[in-house]
**Q** 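The structure's right below; bear with me while I get my questions together.
What you see is a predicted model, and the numbers here were worked out from it, not measured in a lab. Heavy-atom basis, side chains included; hydrogens, waters and symmetry copies ignored. When a ligand or atom number is given, it counts from 1 through the structure's own listing order.
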Amino acid sequence: MKALTITLALMGILAGGCTAEAGIGVTEEPIKEEPSGEEDKNESDMPHPFNFETKTVKLNSGWEMPIIGIGTYYLSTSQAEESVYNALKVGMRLIDTADIYGNEVGVGRGIARAMKDFGIKREEIFVTSKLWTSSFANADAEVDERLERLGLDYVDLLLLHHTAANDEHAYQAMERGVKAGKIHSIGLSNFYEEDVDRMMKIATIKPAVLQNETHPYRQGKDVKAHIAPLGTILEAWFPLGGRGTGIRTLNNLDVIKDIAKAHGKSTYQVLLRWHLQSGVIVIPGSTNAKHIAEDYDIFDFALTDEEMARIDALERNQRFASY
Ligand SMILES: NC(=O)c1ccc[n+]([C@@H]2O[C@H](COP(=O)([O-])OP(=O)(O)OC[C@H]3O[C@@H](n4cnc5c(N)ncnc54)[C@H](OP(=O)(O)O)[C@@H]3O)[C@@H](O)[C@H]2O)c1
């Protein structure tokens with residue numbers, strides 16, 4: 001873990017332009033590269049390191065995924081459109097939505113507007129959506145519904161939102177979606193060790209991503225270690241603590257404030273940087289264009305091992321979500 005932290009910190013420093021030694025493992029891969037199907041056969045079983053130059057990670061599916069993007073939980077259709085547009089404007093290329101958020105139409109509109117206004121190509125954007133539990137029994141049709149609402153030919157990543165009745169059937173429906181070219185990568189959300197193992201008994205495609213509540217008070221190290229042999233990457237929801245108590249608590253911690261002051265950054269930026277250097281993808285939610293730009297401006301500094309350890313020490317297995 002320490003070695004990974006050091007590597008990531010070095011990569012971060014490189015990305016910030018502080019040193020230019022070659023050979024530290026930074027590659028220059030394109031944002032998206034159609035997997036040939038051959039390249040990953042022997043190397044898919046461990047997560048790949050985050051590339052702080054391209055701001056992406058290669059998934060076990062062979063696709064590249066941005067390591068930071070915009071979350072849209074709680075956003076109305078029009079707010080989602082604006083936030084997605086503003087996120088794409090500042091350079092974010094990852095977008096997270098879900099059936100249950102009821103805003104996929106807005107997300108699709110934001111993408112279409114940004115592609116037109118900023119000349120961004122569809123293949124440069126990575127869109128995640130999720131199947132809600134009540135549609136698991138009807139999952140094949142629900143995959144098509146996601147594309148319809150988003151106005152897209154494919155989604156980059158589709159997740160099962162929670163464990164529930166018929167989740168195995170829904171996972172297999174997502175696998176059919178991959179084979180049909182409607183989905184590039186598939187994964188899980190709000191799953192823990194036992195349920196991941198249960199899904200692996202029926203899965204023919206390993207989950208590329210596991211999206212769980214993750215922040216300094218609940219770091220998910222056990223589940224992260226559990227999924228690592230599958231090559232599955234952990235993605236944080238509530239990376240800043242979530243709206244309300246969580247965000248206030250984490251951003252008022254002296255440790256976080258001290259580290260932020262030392263780097264001339266905000267506490268929000270320190271939290272997001274800590275996730276990335278821990279090898280966890282982040283999707284901070286925001287309706288504020290300034291906040292979105294700030295959240296993305298975290299590639300010109302790196303936390304030291306000592307700072308990472310101080311934040312790691314905050315672990316208390318405390319959730320902020322009530323569900
Ligand atoms: N799979 C699941 O079950 C699940 C559950 C929850 C969330 N999610 C996903 O994860 C994403 C992230 O979670 P979240 O949005 O609930 O919580 P979050 O990202 O931890 O926090 C969102 C809050 O942070 C504020 N914020 C963001 N950047 C800020 C900045 N630079 N300065 C000050 N405040 C800032 C936002 O306020 P402003 O709007 O004022 O910027 C908002 O109140 C969601 O949007 C959603 O896509 C998934």
**Q** Considering only protein heavy atoms, which is closest to atom 12 (C) of ligand 1, and at what distance to one decimal place?
**A**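 I find the closest protein heavy atom is Ile283 O, 3.0 Å.
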
**Q** Any salt bridge linking Arg113 with Glu81? Criterion: basic side-chain nitrogen under 4.0 Å from a carboxylate oxygen.
**A** yes

**Q** Could you tell me how the ring of His291 sits relative to the ring of Tyr268: parallel (under 30°), tilted (30 to 60°) or perpendicular (over 60°)?
**A** parallel

**Q** Can a salt bridge be assigned to the pair Lys130 and Asp99 using a cut-off of 4.0 Å between side-chain N and carboxylate O?
**A**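 So Lys130 does not pair with Asp99 through a salt bridge.
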
**Q** What is the closest protein heavy atom to atom 3 (O) of ligand 1, and at what distance does it sit?
**A**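 Of the protein heavy atoms, Asn190 ND2, 2.9 Å lies nearest.
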
**Q** Which of the listed options, Trp237, Phe238, Tyr296, holds the heavy atom that is closest to atom 14 (P) of ligand 1?
**A**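 Nearest option to atom 14 (P) of ligand 1, by heavy atoms: Phe238.
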
**Q** If every non-hydrogen atom of Leu59 is compared with every non-hydrogen atom of Ser185, which pair is closest and at what distance?
**A** CD1-OG, 3.8 Å

**Q** Please could you name the atoms of ligand 1 that Pro284 approaches to less than 4.0 Å, counting only its heavy atoms?
**A**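 What qualifies from ligand 1 is 19 (O).
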
**Q** Below 3.5 angstrom, do we get any N/O pair linking Leu240 and ligand 1?
**A** yes

**Q** Could you tell me, atom by atom, which parts of ligand 1 come under 4.0 Å of a heavy atom of Pro239?
**A**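 Result: 12 (C), 13 (O), 18 (P), 19 (O), 20 (O).
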
**Q** Looking at Glu145 and Arg149, is there a salt bridge between them, counting it only when a charged N and a carboxylate O are closer than 4.0 Å?
**A**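 Answer for the salt bridge query: yes.
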
**Q** Going by distance only, is there an N or O of His162 that falls short of 3.5 Å from an N or O of ligand 1?
**A** no

**Q** Between the candidates His291, Lys290, Arg248, which shows the shortest non-hydrogen contact distance to atom 29 (C) of ligand 1?
**A**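 It is His291 that holds the nearest heavy atom.
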
**Q** Run the side chain to side chain donor-acceptor pair (under 3.5 Å) test on Ser266 and Glu294 for me, step by step, so that the C-alpha distance in whole Å, both residues' side-chain angles and the decisive distance to 0.1 Å come before the verdict.
**A** CA-CA 8 Å; Ser266 73; Glu294 181 182 315; 2.6 Å; yes

**Q** Please check whether Lys130 reaches ligand 1 - meaning an N/O of the residue sits under 3.5 Å from an N/O of the ligand, judged on distance alone.
**A**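 The answer is no, given that Lys130 and ligand 1 share no N or O pair closer than 3.5 Å.
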
**Q** Which of the atoms in ligand 1, numbered in the order shown and given with their element, are less than 4.0 Å from a heavy-atom of Gly71?
**A** 11 (C), 44 (C), 45 (O), 47 (O)

**Q** For ligand 1, which atoms have a heavy atom of Asp295 less than 4.0 angstrom away?
**A** 27 (C), 28 (N), 29 (C), 30 (C), 31 (N)

**Q** Is the ring pair Trp132/His162 parallel, tilted or perpendicular, if the boundaries are 30 and 60 degrees?
**A**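 Rings of Trp132 and His162: perpendicular, over 60°.
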
**Q** Does Gly285 reach ligand 1 with a nitrogen or oxygen that is under 3.5 Å from one of the ligand's nitrogen or oxygen atoms?
**A** yes

**Q** Quick check: does Ile247 get an N/O under 3.5 Å from an N/O on ligand 1?
**A** no

**Q** Quiz question: by atom type and distance under 3.5 Å, do the side chains of Thr97 and Asn103 form a donor-acceptor pair?
**A**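 A pair is found: one side chain offers a donor N or O, the other an acceptor, under 3.5 Å apart.
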
